[in-house]
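Some notes on the structure that comes next.
Indexing begins at 1, ligand by ligand and atom by atom, following the structure's order. The structure displayed is predicted, hence computed values, not measured ones.
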Amino acid sequence: MTGVGVLRLLQSNVSARQRARKNTLEEGKNRGEVATMTNNAVLNTWIEEMAALCQPDHVVWIDGSDEQRDALRAEACKTGEMILLNQEKLPGCYYHRTHPLDVARTEDKTFICAAHERDAGPTNNWKSPEEAYTEAANYFRGSMRGRTMYVIPFSMGPVGSPFSKIGVELTDSIYVVLNMLIMTRVGKKVLNALGTSADFTKCLHSKAQLDPDKRRILHFPEDNAIWSVNSGYGGNVLLGKKCLALRIASALAYKEGWLAEHMLILGIEEPNGYIQYIAAAFPSACGKTNLAMLIPPEGLKSKGYRIWTVGDDIAWIKIDTDGRLWAINPESGFFGVAPGTNSKTNPNAVATVQRDTIFTNVALLPDGTVWWEEGDGDPPSEALEWKGSPWKPGMKDKDGKPIVAAQPNSRFTAPLRNCPSVSFRLEHHHGVPLSAIIFGGRRNTLAPLVYEAMNWNHGVFLGASMASERTAAQYGKLGEVRRDPFAMLPFCGYHMADYFKHWIGIGRKAPRPPRIFHVNWFRRDEKGGFLWPGYGENLRVIEWILQRTRDEGKAVKSPIGYLPAPDAFDMTGLDLPKGTMEKLLEVNKDEWRAECDAIEEFFNGLGPKVPWELRNELEGLRHRLEE
Ligand code: GTP
Ligand code: SPV
Ligand code: MN
């Protein structure tokens with residue numbers, strides 16, 4: 001049975017549906033609501049069906065106007081969903097707390113509901129569409145009684161760009177509406193672009209009771225649909241982001257011959273005005289937002305670089321007619337990690353969140369401003385911590401561990417246009433051309449600061465064998481090293497081995513593909529400290545990467561790829577302790593042999609579809625380690 005068939009069965013109670021429609025129409029009229037904003041019959045019918053299932057008291061269309069946004073902000077403050085922050089210090093800024101058991105993506109409640117389990121592959125949770133729809137419909141049924149269903153037409157990518165995809169999210173959360181207004185392009189202009197087409201992603205979300213056991217984040221690639229229920233946390237409920245722009249889009253991209261990736265996009269302009277763009281895939285909470293907004297370090301300032309931020313989380317990439325890969329950021333805002341963001345580590349992010357920003361799960365100060373660990377200034381003498389209880393510095397829990405004021409995965413939602421380094425090409429329908437693709441993760445040991453792949457397939461191998469320590473961005477054991485190929489483990493909407501094959505194929509089809517690199521900002525010394533200062537200083541590494549793409553830059557061949565020559569980086573203004581650079585670039589053959597075994601085990605776990613090209617790369621690496 002198709003998904004639609006299941007729905008029909010669930011909702012065969014036609015009179016209930018008609019009643020729901022009549023109610024929403026009549027009550028809506030009283031509130032000045034419009035019955036619909038489009039003559040798109042597919043869209044209208046679907047909304048009617050979903051309203052019949054969820055039974056909201058009202059249906060409200062989001063038109064993208066400032067007036068409606070302001071009214072929703074006011075309403076959210078009235079209901080307590082949002083708290084208005086100090087408008088003198090933080091104009092247009094609001095504060096939100098999620099449920100304490102709902103603070104990160106729940107990967108174990110996230111499913112790819114393809115018709116066949118083999119299409120989801122071994123790295124995804126799978127449910128049959130029938131089972132998923134039936135179970136979730138029970139949670140959705142009546143979940144919006146006493147609430148309003150908001151209809152959010154949104155575009156991922158500039159409205160009307162050949163890259164772009166349209167979605168419509170139905171939600172009972174004003175917090176979701178206000179976030180989507182920042183993160184995506186919303187409203188009438190999107191409906192106009194859609195016209196009467198049925199080509200849009202049907203996104204249904206309800207907070208329901210926020211019951212963690214009944215939480216489900218369901219993707220139906222064959223129906224172009226997403227159902228999310230019992231959560232209010234960003235990555236689970238802002239359905240344009242990870243659900244559409246990565247899980248659904250990656251499956252679409254596989255069919256249509258492009259790439260949907262968990263990557264930042266950044267432009268580096270030289271004083272002569274020439275801009276080179278790079279994209280980088282790091283797992284969640286591994287430095288994408290920070291790198292995307294980098295500020296050149298003092299020592300390199302005289303070189304006159306300018307940095308342009310295109311995106312910090314997602315890239316959609318296509319082969320263009322010039323044979324190069326071009327990329328857009330489908331989002332229009334940042335949903336960034338707050339802790340660790342300060343005027344030293346990321347001044348552009350600090351500037352970005354001074355207005356029109358929603359802060360989630362950070363600490364709230366008595367003067368109506370916000371704070372987080374390793375933010376600006378000393379810890380406040382008093383605050384309400386992220387759950388809303390009084391907090392003072394030095395407080396410990398019953399096990400003697402310090403109590404944090406901000407949840408480690410607390411976030412800010414801010415418009416891209418607020419960022420001082422925002423790219424002027426954001427609305428360009430063809431995006432930006434990529435000179436380099438960078439992979440990276442958190443590795444205490446093993447991976448050097450940077451190395452270059454020997455060719456495209458070797459580069460794909462670097463992406464496929466990526467690993468990183470687990471962070472607070474997802475539930476699970478912090479610090480544990482897990483394989484996270486292309487930083488897409490939680491986001492690839494189809495079989496991971498097919499995804500690898502797709503990447504190999506892109507290199508074959510693109511006459512002028514970018515060069516591929518691997519970086520590790522997180523290598524540690526014996527005492528556990530970071531060997532590399534990171535943040536702005538990372539430009540020194542990027543500079544070498546760009547030189548390499550122009551066939552400049554000094555490199556030495558190693559078993560794992562090309563390493564920078566000892567004097568390859570411009571180190572003006574940065575004094576690393578003696579021997580540190582050697583440690584950063586060290587390739588320990590024993591560690592790498594063990595790594596080869598771990599990669600082989602991982603590939604074996606993916607089954608027989610792993611491309612032979614990647615098996616060859618693994619054997620090539622083993623061979624070079626013995627030379
Ligand atoms: P998601 O939004 O979850 O996809 O994360 P992200 O990849 O954008 O990570 P983000 O830039 O927010 O960084 C996460 C954490 O890593 C923050 O605590 C940063 O302070 C820290 N971080 C970022 N860049 C560096 C770096 O170069 N060196 C070190 N040591 N830490 C970094
Ligand atoms: C990530 O976890 O990679 C994020 C935040 O960018 S979320 O939107 O929650 O997925
Ligand atoms: Mn992310």
In terms of relative ring orientation, are [X] and [Y] parallel, tilted or perpendicular, with 30° and 60° separating the classes?
X      : Y      : answer
Tyr175 : His96  : parallel
Tyr254 : His502 : perpendicular
Tyr499 : Phe486 : perpendicular

[X] near ligand 1, heavy-atom distance under 4.0 Å?
X      : value
Asn538 : yes
Gly336 : no
Ala292 : no
Arg411 : yes
Arg442 : yes

task = Could you list which atoms of ligand 1 come closer than 4.0 Å to a heavy atom of Phe530?
result =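 Those atoms are 30 (N).
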
query = Does an N or O anywhere in Gly235 fall below 3.5 Å from an N or O of ligand 2?
reply =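 Looking only at distances, the answer is yes, because the N/O contact criterion of under 3.5 Å is met.
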
query = Are any of the heavy atoms in His262 under 4.0 Å away from ligand 2?
reply =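 It does, in that a heavy atom of His262 comes within the 4.0 Å cut-off of ligand 2.
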
task = Could you tell me whether some N/O pair between Ala285 and ligand 1 is separated by less than 3.5 angstrom?
result =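 Between Ala285 and ligand 1, an N or O pair is found under 3.5 Å apart.
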
